[in-house]
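Start at 1 with the first residue, then count along the sequence. All values derive from a computational prediction rather than experimental measurement.
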Amino acid sequence: MAQKEAYLIVDIGTGNARVGVATPTGEILSIKRENVHYESDTNYEESIFFNPNELWDQILHLAKDALTEAGEVKINAITATSQREGIVVIDAEGNSLLGMPNIDHRGRKWEKDLTDKDTVYNLSGRYPTSLFSAFKLVGVREVYPDLFDKIACVMSISDWIQYKFSGVTCYEHSQASETLLYDVEKKQWSNILLDLFQLPANILPQLKNATSVLGTILPEVANTLSINAEAAVVVGGGDTQLAIRSMDPSANDVVIVSGTTTPIIKIVDTYEKDADQRTWTSRHIDEHNFILEANAGVTGLNYQRLKEIFYPNEGYDVIERELEDATYSQCVASLGSLIADEEEPLTKGGFIFNAPVSHQLTRGSFVFAILWDIACSIYENYKFLCAVSPHNESYIWACGGGVESRKLRQFIANLFGKSIKIRDTFRQASVLGGVFVCNDALHVPNISPELLEEIHPQDHEEFEQLYLEWKNARKTFKQVGA
């Protein structure tokens, strides 16, 4: 049997590690996934870390399984994408020392020590919090000075994976946007920001554009995976940017990327900022564009956990059927999403329903409420995005696992009063974005994704009223958490 030309794509999300094998036309031959193993560091108030050596072993065995399932393939290129604010640090010998995911807040204690937050926002395009990489490094320096002194290089998780495949360090521009050490407008590391965080410039590697070829796969890795020893290692980028790429949107389009968190993105060609510092501006994975973002925070993760509780052995199709019998009056939820004008995410949340408990309340009522909470959080953040950069198109693109829910897609359309469009790439958007990146690197023509479905809005005015009721419920939980 003739070998199929294919790419190996590694995707490290907040919750799981995925390795896919796909053809240049976007046919996914195999995807294997496992949960990423995290540990807590009790020397901080809120710190989560991972062992990068364990993650690399996990990537290798997932790759082996994916390659076996894919059959006879010739891997021409390898790339990686990952959760955006996560980093890995290595020493001068190339040993991986520590992995810090986007949910690691070891730097929170030192947020108050940063006095010039306006300068950080103006240069980095985001209000500085412990979510971002610079504060993770500050947290290491303050608690583990000996470990900090060993750091020779810091990379995003995706850039570190590419380093493990190629032996070449770099930092891709969309990922560098998440560090608070990068001048987003000038597209370069910033000495001003490094000085504000008191971090040395020599730990930052060379910046590289997505679709750059770092080199060929290391012989020992090629041998371990039994793949083409001439496979190119290609620079990928942030998972949000790759997901957007797979949707093939036009300039000024808005894209909702519904995953563990939910970024609401507008592609812009100039460096746009919010006078109230509510939005983020990052580099896209192309040469010239930016992405303007409001982020609804933890959303899809809540949906996943509710499914595990109420529907542990059923598929999403069962949930969708049961949602048809649920109504807005039965239950309202507010569960930890983030609104752009709030300084802190909701830390106390839950469900509000009539007492005594109604016989009409079902497990579907709770899932219905959480999907409505996600839709309202997206809508609220979208309004802040539009306040910075108006969006006049009659449609919005959506991708990611969250929008597998037909009910969520309809909720969003009804609230926005705009149609929601999904392409045939929407389920595995970040992995298929990796296909586009590899094609561009190897000068292989991309096949445009097709429109899969367009969901039209219904009863917009009624949904605006329901949205106001949700806002009141959120205020209740904000008061409880105060």
Side-chain angles (χ1 to χ4, degrees), residues 9-18 20 36 79-88 99-104 124-126 131-134 136 154-163 170-184 187 189 204-205 207-212 214 234-249 255-268 279-297 300 397 399-401 425 428-438 440-441:
I9 299 155
V10 182
D11 178 10
I12 307 299
T14 304
N16 59 53
R18 298 189 298 168
V36 177
T79 194
T81 183
S82 68
Q83 47 170 277
R84 292 176 296 166
E85 300 78 21
I87 55 174
V88 177
M100 292 166 273
N102 53 0
I103 51 176
D104 176 49
S124 74
R126 61 247 313 116
L131 171 68
F132 303 107
S133 313
K136 300 183 201 302
V154 56
M155 288 171 277
S156 73
I157 297 172
S158 58
D159 290 311
W160 167 78
I161 292 166
Q162 290 150 191
Y163 160 72
C170 79
Y171 222 119
E172 184 273 329
H173 290 275
S174 73
Q175 293 283 36
S177 299
E178 308 296 333
T179 62
L180 301 181
L181 304 173
Y182 174 84
D183 187 320
V184 174
K187 205 176 178 184
W189 295 121
L204 298 175
L207 290 160
K208 293 272 190 180
N209 289 323
T211 75
S212 299
L214 283 178
V234 176
V235 179
D239 53 5
T240 295
Q241 282 87 344
L242 263 68
I244 294 167
R245 178 69 183 91
S246 78
M247 299 300 289
D248 202 21
V255 183
I256 296 167
V257 184
S258 180
T260 301
T261 61
T262 304
I264 302 98
I265 300 292
K266 185 181 181 192
I267 302 168
V268 294
T279 58
W280 301 351
T281 310
S282 308
R283 281 282 169 179
H284 200 7
I285 55 169
D286 61 21
E287 286 279 354
H288 305 294
N289 284 316
F290 301 84
I291 59 171
L292 182 68
E293 171 179 359
N295 197 307
W397 294 106
C399 63
T425 54
Q428 302 293 348
S430 54
V431 169
L432 289 169
V435 171
F436 279 76
V437 165
C438 290
D440 289 342

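At a threshold of 4.5 Å between non-hydrogen side-chain atoms, the residues F436 and I285 do not count as touching. Counting only heavy atoms from C-beta outward, the side chains of Q428 and S246 never approach each other to under 4.5 Å. Taking the side chain as every heavy atom from C-beta outward, I244 and P249 approach each other to under 4.5 Å. With a 4.5 Å cut-off on side-chain heavy atoms, L207 and Y182 count as touching. Between K187 and E287 there is a side-chain heavy-atom pair separated by less than 4.5 Å.
Of all heavy-atom pairs between D104 and K136, the closest is O-NZ, 2.8 Å. The two residues F290 and V184 come nearest to each other via the heavy atoms CE2-O, 3.6 Å. Taking both residues in full, the closest heavy atoms of L180 and S124 are given as CD2-OG, 3.6 Å, listed atom of the first, atom of the second, then distance. Among all heavy-atom pairs drawn from G237 and L242, the shortest one is N-CD1, 3.6 Å. Taking each heavy atom of L181 and W189 in turn, the nearest pair found is O-CE3, 3.4 Å. Taking every heavy atom of both residues into account, V36 and A17 meet most closely at CG2-N, 3.6 Å.
Donor-acceptor pairing under 3.5 Å is lacking for the side chains of S158 and E172. Donor-acceptor pairing under 3.5 Å is recorded for the side chains of S430 and R18. Using modelled atom types and a 3.5 Å distance limit, the side chains of S212 and N209 yield no donor-acceptor pair. T261 and Q83 share no donor-acceptor pair across their side chains, judged by distance under 3.5 Å alone.
Salt bridge annotation for E85-R126: absent, with no cationic side-chain nitrogen under 4.0 angstrom from a carboxylate oxygen.
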(request) Before giving the answer on side-chain contact (heavy atoms from CB on, under 4.5 Å), spell out for C170 and L214 the whole-Å C-alpha distance, their side-chain angles and the decisive distance to 0.1 Å. (result) CA-CA 9 Å; C170 79; L214 283 178; 3.9 Å; yes
(request) Would you please test T425 and C399 for side-chain contact (heavy atoms from CB on, under 4.5 Å) and show each step? (result) CA-CA 8 Å; T425 54; C399 63; over 6 Å; no
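With hydrogens and angles ignored, the 3.5 Å screen pairs no side-chain donor or acceptor of E178 with any backbone N or O of S133. Although no hydrogens or angles enter the test, the distance criterion places no donor-acceptor pair under 3.5 Å between the side chain of Q175 and the main chain of M155. With T79 contributing its side chain and G236 its backbone, the two residues share a donor-acceptor pair below 3.5 Å.
Separating the OG atom in S156 from the CD1 atom in I12 is a distance of 11.0 Å, to the nearest 0.5 Å. One distance of note links OG of S82 with CD of Q162; it measures 8.5 Å at 0.5 Å rounding. Rounding to the nearest 0.5 Å places CG of D159 at 12.0 Å from CD1 of I87. Here the straight-line distance linking atom CD1 of I267 with atom CG of N289 works out to 7.0 Å at 0.5 Å rounding. The CH2 atom of W280 lies 11.5 Å from the OG atom of S177; values are rounded to the nearest 0.5 Å. Atom CD1 of I161 sits about 9.0 Å away from atom OG1 of T81, to the nearest 0.5 Å.
Under the side chain to side chain contact (heavy atoms under 4.5 Å, CB included) rule, T279 has a single partner from N295, L292, I264, which is L292.
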